[in-house]
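Accompanying notes for the structure given below.
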Amino acid sequence: MPGALAGRPRAARLLVLLAVFICAACGLVYELALVALGSYLLGDTVTQAAIVLSVMVFAMGVGSLATKRLRRAAASFALVEALLALVGGLSVLLLYAAFAWFNLYQPALIVIAFAIGALIGAEIPLLMMLIQRIRRQDAASAVADLFAADYIGALIGGLAFPFLLLPMLGLLHGALVVGAVNAVVGVAVVLWLFRGDLGRRSTVLLSAALAVVLAVLGGAYVLADRFEVTARQALYRDPIVHAGRSAYQEIVLTRSLDGRDTRLFLNGDLQFSSIDEYRYHEALVHPAMNGPHGEVLVLGGGDGLGTREILRYPDVERVTLVDLDPAVVELAREDPVLSALNGGAFGDPRVEAVAADAFNWLRDNPDRYDVVVADLPDPDNVGTAKLFSVEFYELIRHALRPDGRLVVQAGSPFFAADAYWSVGAGLNAAGYQAVPYQVDVPSFGNWGFFLAGTGGPPELALAAERPRLRFLDEATLAAAAVFPADRRRTGALPSTLLRPRIIDYYESGWDGY
């Protein structure tokens with residue numbers, strides 16, 4: 001026989017619905033945390049979201065079915081919430097460890113997403129039993145009340161994640177705090193309201209379980225900073241000298257012990273090595289400067305290294321640099337080693353740095369430029385793929401003067417040939433005539449570019465009055481236009497906003513490297 005209920009039925013019912021509300025908010029935070037971590041570490045937000053959502057929804061069905069065998073609703077619900085708080089709270093820490101040390105991120109993601117989903121799926125049937133235990137009511141009415149509280153809680157959790165938890169606590173600490181809240185609410189409600197249904201042994205065991213979960217989460221919270229530093233360092237060859245997370249990405253700067261090699265990583269992807277970055281940036285910038293270049297637009301390139309090469313031409317009057325992340329530009333301006341590498345580019349009065357999404361900025365700014373340098377991140381996700389689309393190149397065309405030139409970093413024609421030639425197809429579809437060329441950059445491998453114009457194919461040559469270059473000369477540039485037989489133009493199709501083919505080309509090309 002069930003014991004007496006603590007408190008009046010109306011108050012008890014409201015307390016259970018409040019628990020539903022809070023637990024639903026916690027559950028959605030776990031879900032969003034898994035998606036966010038995957039996008040941070042692997043870059044492909046769509047794929048990570050698809051894996052997390054599909055696995056969790058399937059697991060919720062499994063969890064719901066599993067509750068059919070449970071009879072002691074109060075104790076079962078408390079145990080489910082304790083386990084959910086533990087797994088959800090530690091999920092980010094466990095996945096980061098799997099990524100940093102064991103190279104098992106995807107299997108670990110599936111296991112953790114399934115566990116969280118199954119536990120979330122078990123909540124509603126158990127809560128239904130608890131609601132009916134408080135006061136018998138029509139099943140449809142009880143379900144309506146439960147789902148209303150659940151969905152509203154999910155709304156609050158979903159909004160709190162990007163606007164409150166991430167800015168204030170970060171991903172790792174935020175998940176741990178949410179786990180603690182989940183444990184306290186889920187277990188404490190049972191221990192208070194339904195204590196009459198629990199025997200002495202169950203009460204002691206659930207109280208001990210709550211204490212253990214809170215102790216584990218609290219210990220993890222205290223050690224989280226040390227863990228993050230250690231795990232992050234495991235991902236990089238050289239010591240980390242700067243690490244931070246902006247609103248857009250993780251920014252890491254490493255430096256070799258002898259001080260010769262400084263490297264910038266964004267979300268784990270190498271942006272440059274100070275040992276050979278001049279090869280990349282000379283090849284990117286100087287062919288485009290053969291012609292009028294009084295006004296230059298740089299899209300991306302927040303490290304300032306491409307801008308450094310542009311400013312070596314004394315007749316450059318204005319450089320506008322548009323980069324999404326102001327934190328990268330700030331680091332390039334303030335870090336003494338980076339500032340020395342880019343020649344203090346952001347202190348030059350000719351340079352204006354704009355923090356904006358390049359796609360949207362081009363739509364809203366009608367200025368015209370002699371040269372546009374597209375030094376943008378590789379197209380490994382939907383967010384960056386739009387910057388290699390036909391629509392994006394059409395926007396750039398409107399920003400170019402009639403005799404202007406566009407240069408695009410287009411990835412590796414060796415490692416990802418279809419992705420590279422898709423860029424050329426996209427430029428042609430947008431009304432350009434594009435000239436391909438490629439060079440070797442040891443830290444990247446073979447790397448390719450397109451020099452494009454709208455008044456005919458631009459001449460692939462260096463300006464007669466150019467600064468002295470360390471790597472690029474006329475003979476090297478002429479050789480750069482020659483592609484080996486196994487890497488000449490493929491049948492790759494252009495990428496568009498609604499059909500971002502370049503993501504598939506890019507991923508299949510780099511698969512196995």
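This is a predicted model, so every value here is computed, not measured. Below, all heavy atoms of this structure are taken into account, side chains as well, without hydrogens, waters or symmetry copies.
Between the side chain of Gln233 and the main chain of Asp238, a donor-acceptor pair closer than 3.5 Å is present. At distances below 3.5 Å, not a single donor-acceptor pair connects side-chain atoms of Asp378 with backbone N or O atoms of Asp380. Between the side chain of Ser207 and the main chain of Thr203, a donor-acceptor pair closer than 3.5 Å is present. Not one N or O on the side chain of Arg363 forms a donor-acceptor pair closer than 3.5 Å with the backbone of Leu395. With Tyr105 contributing its side chain and Gly38 its backbone, the two residues share a donor-acceptor pair below 3.5 Å. Judged by distance alone, with hydrogens and angles left aside, the side-chain atoms of Glu391 form no donor-acceptor pair with the main-chain N or O of Thr496 at under 3.5 Å. Not a single donor-acceptor pair under 3.5 Å links the side chain of Glu31 to the backbone N or O of Leu53. A donor-acceptor pair under 3.5 Å links the side-chain atoms of Asp335 to the main chain of Leu338, judged by distance alone. Counting only distance, with no hydrogens or angles, the side chain of Ser339 and the backbone of Glu334 share no donor-acceptor pair below 3.5 Å. Distance alone, capped at 3.5 Å, is enough to place a donor-acceptor pair between the Ser422 side chain and the Leu493 backbone.
For Tyr280 and Phe449, the distance between ring centers is under 6.0 angstrom. The distance between the ring centers of Phe265 and Tyr236 falls below 6.0 angstrom.
Applying the ring pair (Phe, Tyr, Trp, His ring centres under 6.0 Å) test to Tyr248 and every residue at least two apart in sequence or in another chain returns nothing. Shown here are the side-chain contact (heavy atoms from CB on, under 4.5 Å) partners of Gln249, two or more places apart in sequence or in another chain: Ser246, Ile251, Leu266, Asn267, Asp325, Val328.
Looking at Val185 and Phe21, their side chains never come closer than 4.5 Å, going by heavy atoms from C-beta outward. A heavy-atom distance below 4.5 Å is found between the side chains of Leu299 and Phe392. Contact check for Pro379 versus Leu387: no side-chain heavy atoms found under the 4.5 Å cut-off. When side chains are defined from C-beta on, Asp225 does not count as touching Val229, because their heavy atoms never get closer than 4.5 Å. The closest side-chain heavy-atom distance from Tyr221 to Leu169 is below 4.5 Å. The closest side-chain heavy-atom distance from His281 to Asp375 is below 4.5 Å. No side-chain heavy atom of Ile131 sits under 4.5 Å from any side-chain heavy atom of Val20. Contact annotation: the side chain of Asp303 never approaches that of Asn342 to less than 4.5 Å [non-hydrogen atoms, C-beta and beyond].
The shortest non-hydrogen separation linking Ala332 to Gly302 is CB-O, 3.5 Å. Ser389 and Lys386 make their closest contact through OG-O, 2.7 Å (heavy atoms, listed as atom of the first residue, atom of the second, distance). Residue Ala19 comes nearest to Val189 through the heavy atom pair CB-CG2, 3.9 Å, listed as atom of the first residue, atom of the second, then distance. Across Ile502 and Ala385, no two heavy atoms sit closer than the pair CG2-CB, 4.0 Å. Closest approach of Ala492 and Asp418 over heavy atoms only: CB-O, 3.2 Å. Of all heavy-atom pairs between Ala113 and Met56, the closest is O-CG, 3.3 Å.
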- Message: Is there a side-chain contact (heavy atoms from CB on, under 4.5 Å) between Tyr506 and Phe415? Walk through the geometry before answering.
- Response: CA-CA 9 Å; Tyr506 181 89; Phe415 295 105; over 6 Å; no
- Worked check of side-chain contact (heavy atoms from CB on, under 4.5 Å) between Leu321 and Val354: CA-CA 6 Å; Leu321 183 142; Val354 179; over 6 Å; no
- Stepwise, does the side-chain contact (heavy atoms from CB on, under 4.5 Å) test hold for Tyr96 with Arg232? CA-CA 9 Å; Tyr96 200 9; Arg232 185 189 290 124; 3.6 Å; yes
- Decide side-chain contact (heavy atoms from CB on, under 4.5 Å) for Leu270 and Arg263; before the verdict, give the C-alpha distance in whole Å, the side-chain angles of both, and the deciding distance to 0.1 Å. CA-CA 7 Å; Leu270 177 64; Arg263 296 185 173 213; 3.9 Å; yes
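Remark: Arg487 fails to qualify as a cation-pi partner of Tyr420 under the 6.0 Å distance and 45° angle criteria applied to the six-membered ring.
Interatomic distance, Leu130 CG to Leu15 CG, rounded to the nearest 0.5 Å: 11.0 Å. Note that OG of Ser91 and CD1 of Ile112 are 6.0 Å apart. Values are rounded to the nearest 0.5 Å. Between Asp150 atom CG and Ile22 atom CD1 the span is 12.5 Å, to the nearest 0.5 Å. To the nearest 0.5 angstrom, Phe388 atom CZ is 11.0 Å from Ile503 atom CD1. Rounded to the nearest 0.5 Å, atoms CD1 (Ile275) and OG (Ser443) are 8.5 Å apart. Atom CD of Glu250 is separated from atom CD of Glu228 by 7.0 Å, given to the nearest 0.5 angstrom.
In summary, of the residues considered (Ile156, Leu32, Val35), a side chain to side chain contact (heavy atoms under 4.5 Å, CB included) with Phe161 occurs for Leu32 alone.
Using the six-membered ring where Trp is involved, Phe114 and Phe58 have ring planes that are tilted, between 30° and 60° apart.
In the displayed structure, Asp486 atom CG is contacted under 6.0 Å by more than 12 heavy atoms of other residues, nucleotides or ligands.
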Could you pull out every donor-acceptor pair under 3.5 Å between side chains of residues 171-179 and any protein atom, sequence neighbours left out?
none

Side chains of residues 75-89: which donor-acceptor pairs under 3.5 Å do they make with residues two or more places apart or in other chains?
unit_1	atom_1	unit_2	atom_2	d
Ser76	OG	Arg72	O	2.8
Glu81	OE1	Asn182	ND2	2.7

For residues 117-128, run the donor-acceptor check on the side chains, cut-off 3.5 Å, and write out each pair with its distance to 0.1 Å, sequence neighbours left out.
none

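For Ser273 and Asp261, the side-chain atoms include at least one donor-acceptor pair closer than 3.5 Å.
Legend: salt bridge (charged side-chain N to carboxylate O under 4.0 Å, His left out) pairs involving residues 500-513, not counting sequence neighbours, sorted by first then second residue: Arg499-Asp504.
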